[in-house]
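First comes the structure, then the notes that go with it.
Everything quoted here is computed from the prediction, not taken from an experiment. Whatever order the structure lists them in is the order used to number ligands and atoms, beginning at 1.
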Amino acid sequence: MDLDFTEDELHRYSRHILLKEVGAIGQARLRAARVLVVGAGGLGSPLALYLAAAGVGTIGLVDHDRLELSNLQRQIAHSTARIGQNKTDSAAVAMTAINPETRLELHTRRMDAVAARELIPQYDLVCDGTDNFPTRFLLGDACHLLGKPLVSAAVLRFEGQLSLFRAHEGAPHPCHRCLNPEIPPEGMIPSCSEAGVLGVVVGVMGTLQATEVLKLILGIGEGMSGRLLLWDALDARFRTVKLRRDPDCALCGEHATIHDLSAYDA
Ligand SMILES: [Zn+2]
């Protein structure tokens, strides 16, 4: 690993390097890392900004949407002046402003099965910052099949949840389908655009996601695999529940029936 840092880098990352759990080696690990952030919205904003600030060397960002006025209540990587721009381009402006050393790979396209097969293998790990079940399931299945850890967060109204899936490494790690076996029927669980969300709740969950990404790259702390963190902002209470690997899971079970992404090609 390249441990050469410029004076500027030593300065910029001095508060990281001071931590014995990070140090120069950890900072070099961050610089060598390649992270794919899917969604440049509410979760993706703090994720992308903190990962760039932290010195993650290469960040891929996938989003096909354009910035709208109603996004700005929570999507803090963007700005009023950039309404109408691609979210990838708009987020890149903010990320580069924080850290021009971070290499950005902007993928202004829909995250579909073709994009999943093409993009996911190019990165060390993936963060799910999307807001709909079909894309969440696609990412969960794709990361499992392609052998990449997935840091996943979700939000609604005043609540958030977070976990890490790395079931491709085998038992006892559960996969996303051990938690939710099937995509819920449309309309059963409302989206943020239907039910609303307190903007800051998305920011907290995206920031927690960034924390788990950094821990994963650095190889420090307790990972979130096998645990689901639940936060209720109104109660001001966090709790963690155990997730168990389901031996009959269609994705990671002994008799798995999902072996590719063909179900998403339709
Ligand atoms: Zn499973």
Donor-acceptor pair, side chain of Q75 and main chain of G44, under 3.5 angstrom: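 No, Q75 side chain to G44 backbone: no donor-acceptor pair under 3.5 Å.
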
Under the side-chain hydrogen bond (donor to acceptor under 3.5 Å, both in side chains) test, residues paired with D8 that sit two or more places apart: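 In terms of side-chain hydrogen bond (donor to acceptor under 3.5 Å, both in side chains), with neighbours along the sequence ignored, D8 is linked to no residue.
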
Electrostatic pair R12:E9 at N-O distance under 4.0 angstrom: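 A salt bridge is absent here (no side-chain N lies under 4.0 Å from a carboxylate O).
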
D232 bridged to R239 by N-O distance under 4.0 Å: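 Answer for the salt bridge query: no.
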
Closer than 2.8 Å to the Zn ion (ligand 1) - protein N, O or S atoms, ordered by chain and residue number: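 Those protein N, O or S atoms (cut-off: under 2.8 Å from the Zn ion (ligand 1)) are C175 SG, C178 SG, C249 SG, C252 SG.
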
Cation-pi geometry met for R31 and F5 (6.0 Å, 45°):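 Output yes; distance and angle both within limits.
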
Test salt bridge (charged side-chain N to carboxylate O under 4.0 Å, His left out) applied to R177 and D246, step by step: CA-CA 9 Å; R177 282 188 189 260; D246 174 5; over 6 Å; no

